[in-house]
Amino acid sequence: MEFSLQSSRLWEEVVEQTKLAKEKGIDPLLWALQVSSSLGTSGIALPSTELAHVLVNYICWDNNIPILWKFLDKALMMKIIPPLLVIALLSQRVIPSRRSHPAAYRLYLELLKRHAFALKCQINGLDYQEVMESIDATLHLSEIFGLQTTEPAILVVEFIFSIVWQLLDASLDDEGLLELTEEKVSRWAIKPQEMEIDGHDMYDEKNIAYCERLQNFNTTMAIEIIGQFLQNKATSRILYLAQRNMSSHWVSFIQSLQLLGANSAALKNSKVLTSEALQELASDSRIFLSRECKTSSRQKFHAVMAFGSLASSVSLCPGASRSDLWLPLDMVLEDAMDGYLVNTTSAVEIITGLTKTLQAINGTNWHDTFLGLWIASLRLVQRERDPIEGPMPRLDTRLCMLLSIMTLVVADLIEEEEGAPTDETEYGSTNHWKEMKFPRKRRADLVSSLQVLGDYQGLLAPPKFVVSAANQAAAKAMLFVSGINVGSAYFECVNIKDMPFSCSGNLRHLIIEACIARNLLDTSAYYWPGYVNGRINQLPYSVPAQAPGWSSFMKGAPLTSVMINALVSSPASSLAELEKIFEIAVNGSEDEKISAATILCGASLIRGWNIQEYTVKFITRLMSPPVPADFTGSDSHLIDYAPMLNVLIVGIASVDCVQIFSLHGLVPQLACSLMPICEVFGSCVPNLSWTLPSGEEISPHAVFSNAFALLLKLWRFNHPPIEHGVGDVPTVGSQLTPEYLLLVRNSHLLSSENTHKDRNKRRLSEVASSSSPEPVFLDSFPKLKVWYRQHQRCIAATLSGLVHGTTVHQTVDRLLNMMFRKINKGSQSITSVTSGSSSSSGAGIEDNSLKPELPAWDILEAVPYVVDAALTACAHGKLSPRELATGLKDLADFLPASLATIVSYFSAEVSRCVWKPVVMNGMDWPSPAANLSNVEEHIKKILAATGVDVPRLSAGGSSPATLPLPLAAFVSLTITYKIDKTSERFLNLAGPALESLAADCPWPCMPIVASLWTQKAKRWFDFLVFSASRTVFLHNSDAIVQLLKSCFTATLGLNIAPISSNGGVGALLGHGFGSHFCGGLSPVAPGILYLRVYRSIRDIVFITEEVVSLLMHSVREIACSGLPKQKLDKLKRSKNGMKYGQVSLAAAMTRVKLAASLAASLVWLSGGHGLVQSLIKETLPSWFISVHRSDRDQGSGLVAMLGGYALAYFIVLCGAFAWGVDSSSSASKRRPKILGSHMEFLASALDGKISLGCDGATWHAYVSGFVSLMVGCTPNWVLEVDVDVLRRLSKGLRQWNEEELALALLGIGGVGTMGAAAELIIEHFDS
């Protein structure tokens, strides 16, 4: 209390001293010296915040005279009061009273110009913290901006922002513009709290005209100072920090600034700032990183970032092509064509995320991005325009990707920008793609990309079976621009070939139609130059009154057999047509339901690209029919739907159809719909049947088997439940279980805000909730769960637990007698000869030719023991191989679903290696000798481009071909099947399992299996030989390394000549595989081989080390082959390698980026999130710590630098592929932990806590490149890193003279680093 009284008396004395100096007219400098001396004597530290308050309060407004303002100015010059606090105090007092005291406002503006930009000396003072806290208390900054912090540098940012904003609002108010802002009032005190009355103390302001001129001059000056704040190197960057961390406030501020720039009258009087210049400053979103920099970091930043758009990137390097930037996309699209594994995630989601990643990291505009999407998907189609035959996805799946999935991706990207309303009516309504009222940049870029796409005629040539559809699309456009309006009925009746005018269409015409159908374009596209060949005056043919087709159906024509065939063979052209068919499938008669289901599974599913997403949705909904309101039966209501369900299941069982459902993300829901069907029909005794309109009779066993076979295709049921795991993240393969499928499906039910901002997620959510609005779990299907647990036990351990006299034991006996009844009649029963795992014995059921009338689940429970007994009998010579195969085929014919259990049993037994091999001699077992050597030669030809040696199939050609007994039995069983549509759905189940089984066996088991199968299915020869060739890599890790090396060599064109050589995506993926080239099978491109091999590699972890090694080797090759020796010498000797050979170095950087892009794609595709995590947390730190052999080649300094940049780009791409560049995906939740660990490693190494073994130039280039890419491409990542780590990284970068990069890192690090960024800005830029 005593101290407070003393302080109070001291300030009273200062006021009296000031009053006396004013009256005597003492020189302001003398007054300042006297005050400073008296305060020093009293022990008051200077500058003094209390004195600032005292002086401002004394002046405003009782002593508002010129000499006191001079006293205040001298006090500031003598540093006895803190300038920033004085400015804050004056802004609270002067700005609201600027009209009644215009001279004071003028003086305030002068002080602002003099002191607000000199920040460095003020933040280095001992009272820095106290001053900023006092400013906060004065202006209520923490309260207004909502940042509860006492960090002084953050308060500096808030202070600068507030001062500029106060000037802005005051200027708007002075010009009568404030009411035009959204808030209409200012959040700052810019108007007096009480009524102003002109004071008698206005020395020269009594003249009203003079006051008005001064007020106008003040307004102009205030606006000029705003411009100065936005242009000054330090304050503009500080304002950028406000933009980054106070975005909601910044939006209001920038809108007001744009309003002032567009409408200010005072700006016309300014000689230093124009309206246009102010508007440009208001729209500059790159203030922070757009200024010149004195350090070398800017050049290095550009070295990593400046790959530019497609056009500019290509211009740098003659060997590059437009598609090279999108190599990861090409690989992902091709990978999706692998029919051996369906995906639980929608291709729309995957490609949308990948597109945003590549667009951000490549720095391309949306025109180039859309063009890249179209080119990549067109390449996908052209790669297999004449596909080989076999149980694999064909052209239909590729066209689905181009014309359906890709347009949905584009729609999602455009909706993301346009912010389309999400309160849609029920999904599936006729107006399904709402009109976008506010077209924006992405939509315009889509149009321009499709216009440019017309120049790529080589990619647009349609495959044979879509020529008619392309020509029809072209004819439709020609008729439209000719003013002739015809409906789809005309094209249903008239053959395009018969038209007298040319209607040569291509794939672009189909793309345009798909975009128009989804409201991405309108019919103005028909008028684009060159889109149609001309015009006609009249129709060459009139439309018949009635013709079977969609048009007549929509007019009310009945579903006759002719009409059904017409609708099955031609796709629906609109959603309304599909909805009508769906309505019939739901409410029609039994026969109509079957017909409607048949139609939906016809051409509308396969080739209805414009409405395909609705076709798969309607089919999925029909798979889960609701319980009728009048249903009273004790059995499941699904039994009444058996005929329709069977038609649907059979209709979508082909490889292409399953892949189409997979691409649309409906596999989890499809599995959820199939499980109750399997549960119900698998529990039925087969004593009832249904007759289809075709006359075919089906039983519960048939419905169950079809559903069960389709369900098992949706996960790798024949593989062990735990596969090659990486770190603490399971691989994709091990996640594909029934439980996981249901988990994904249940996640679609989530109705959070984020879900409904995404059109694709809304679509999946609607489909899931339409079948069951509640989560579904495996416990809901007890029979299926029992089978699944038995299946897992069968794979994990030998059979056991069969007890004599039990129901299962009796079923085993009955099935064995059914399978081998002829043998049992003539000799000892097969059931008495069993393996050690089975205790079955007894005479069996003699003379009983009837098949067991048992539910399918009961039969499946017994099948493992049945097959075990049969295989054991064959091993003991009690059964001949032919009898074994025949018996197994009888079992599979009796219950086709038993093939699944047979597959799992054989897969497990082969892996146990307890069965002796059998000789495939053509007597006991079928012989492959007829074409084994032919298969060998073709395998060598396929692998010719990789440099991998193919092991001889037999030493000297004399060793007999052998197979393990279970594999021999399995292949003998499969070759008993006919190659027809009925068997196809079961062969599609057994085929991948057979290949996987043979691939796991010693070489040359798979070539032997392929040889046996090619004798049966000659038209599948190419497919089978290619499948056999893949197994070469599964038995030799060196072969995999060689294959990876071939991928790099082909992509970079390093095997022919330097930069001018061909490479890129075309060399990596080639033209697929097949015999449609001259001379039969051609060498398959290494990328295709790897994409078809990697899923079977058990030890996938070693891939990361090999990829890193190959990437660094490629960098050396690029550096040494891409630059002449003389330039390498100059680069090595110069301080900055960018000074010499800019074109060559730019070309080398482009190829380095391509190599890193390939490396990231290989790692991500091979092991997903788990492998990326292993790479970043383990492989890469170990690489940096290890000592590497120094490169003695010329230009090793350049090699080291390029190597660091390559690793930076590689790691950022890997992370972006795995987690995305934003936080929209669920995978992004894993990012903070892994990224934080890596950033801690970088910071610790920069701190000197970790000793590195790599080249210093490599480390420098990596850190600067990695941080540059994060700052420029993935700023959201920086926000997830610990603030302390960011500060340490920034400190390390500054030690490397990388101030600009250090500043950029802190600048986007969020509020936690905003203070450090502000201090660095002031230290570095405040002159």
Side-chain angles (χ1 to χ4, degrees), residues 334-335 337-340 379-399 463-465 654-656 659 926 928-946 948 950 953 971 974-975 977-981 983-984 987-988 990-996 998-999 1003-1034 1043 1046 1068-1093 1095-1096:
E334 186 60 51
D335 185 59
M337 297 300 105
D338 188 349
Y340 288 157
R379 289 172 65 90
L380 179 75
V381 172
Q382 298 298 342
R383 203 172 290 129
E384 293 294 342
R385 57 181 296 117
D386 298 310
I388 62 175
E389 290 195 55
M392 57 182 290
R394 302 179 62 134
L395 200 53
D396 289 323
T397 307
R398 294 173 184 266
L399 287 167
K464 291 179 182 177
F465 89 90
S654 70
V655 175
D656 274 306
Q659 288 302 111
N931 58 354
L932 188 57
S933 60
N934 192 27
V935 168
E936 180 180 9
E937 290 304 314
H938 279 83
I939 290 176
K940 290 180 178 179
K941 193 169 186 179
I942 288 173
L943 302 184
T946 66
V948 173
V950 179
L953 299 187
V971 70
T974 58
I975 60 178
Y977 279 86
K978 295 180 180 180
I979 310 297
D980 56 21
K981 284 192 175 182
S983 301
E984 180 186 4
L987 285 176
N988 289 342
L994 175 61
E995 182 181 343
S996 175
W1003 181 268
C1005 288
M1006 184 58 209
I1008 292 172
V1009 170
S1011 299
L1012 292 170
W1013 254 97
T1014 54
Q1015 296 175 38
K1016 178 180 180 63
K1018 292 182 174 59
R1019 55 194 176 94
W1020 285 7
F1021 181 87
D1022 292 352
F1023 166 77
L1024 293 165
V1025 172
F1026 177 77
S1027 297
S1029 69
R1030 298 188 297 177
T1031 60
V1032 172
F1033 302 98
L1034 305 183
L1043 178 58
S1046 298
L1068 176 67
L1069 299 178
H1071 301 281
F1073 53 90
S1075 58
H1076 48 277
F1077 300 98
C1078 297
L1081 275 171
S1082 63
V1084 176
I1088 293 289
L1089 280 169
Y1090 187 79
L1091 290 176
R1092 300 298 179 258
V1093 165
R1095 285 193 176 93
S1096 299

Can you name the nearest heavy-atom pair linking [X] to [Y], along with the distance?
X    : Y     : result
A999 : L1034 : CB-CD1, 3.7 Å
R383 : G1070 : CG-O, 3.6 Å
A998 : C1005 : O-CB, 3.8 Å
T397 : Q659  : CG2-CB, 3.7 Å
P393 : M337  : CG-O, 3.1 Å
N988 : V655  : ND2-CG2, 3.4 Å

Sequence neighbours excluded, which residues qualify as side chain to side chain contact (heavy atoms under 4.5 Å, CB included) partners of R1030? Y340, E995, F1026, S1027, R1092, V1093

Run the side chain to side chain contact (heavy atoms under 4.5 Å, CB included) test against T974 and tell me which residues pass, sequence neighbours left out. F970, V971, A990, L994, W1013

Verdict with supporting geometry, V1084 and L943, side-chain contact (heavy atoms from CB on, under 4.5 Å): CA-CA 6 Å; V1084 176; L943 302 184; over 6 Å; no

Check whether any side-chain N or O of [X] sits under 3.5 Å from a backbone N or O of [Y] as a donor-acceptor pair, and report yes or no.
X     : Y     : value
K941  : P1083 : no
S996  : P992  : no
S1046 : T946  : yes

What do the steps show when you test D335 against R1095 for salt bridge (charged side-chain N to carboxylate O under 4.0 Å, His left out), and what is the final call? CA-CA 10 Å; D335 185 59; R1095 285 193 176 93; 3.1 Å; yes

Residues E384, R394; criterion side-chain contact (heavy atoms from CB on, under 4.5 Å); working and verdict: CA-CA 8 Å; E384 293 294 342; R394 302 179 62 134; over 6 Å; no

From [X] atom [atom1] to [Y] atom [atom2], the distance as rounded to the nearest 0.5 Å:
X     : Y     : atom1 : atom2 : answer
L987  : Y977  : CG    : OH    : 7.0 Å
L1068 : I1088 : CG    : CD1   : 8.0 Å
Q1015 : L1024 : CD    : CG    : 11.0 Å
L932  : E937  : CG    : CD    : 11.0 Å
D338  : L1091 : CG    : CG    : 8.5 Å
S933  : H938  : OG    : NE2   : 10.5 Å

For Y1090, ring-ring contact (aromatic ring centres under 6.0 Å, His included) partners two or more places apart: Y1094

Working note: L399 + F465, criterion side-chain contact (heavy atoms from CB on, under 4.5 Å); need CA distance, chi angles, decisive distance, verdict. CA-CA 11 Å; L399 287 167; F465 89 90; 3.6 Å; yes

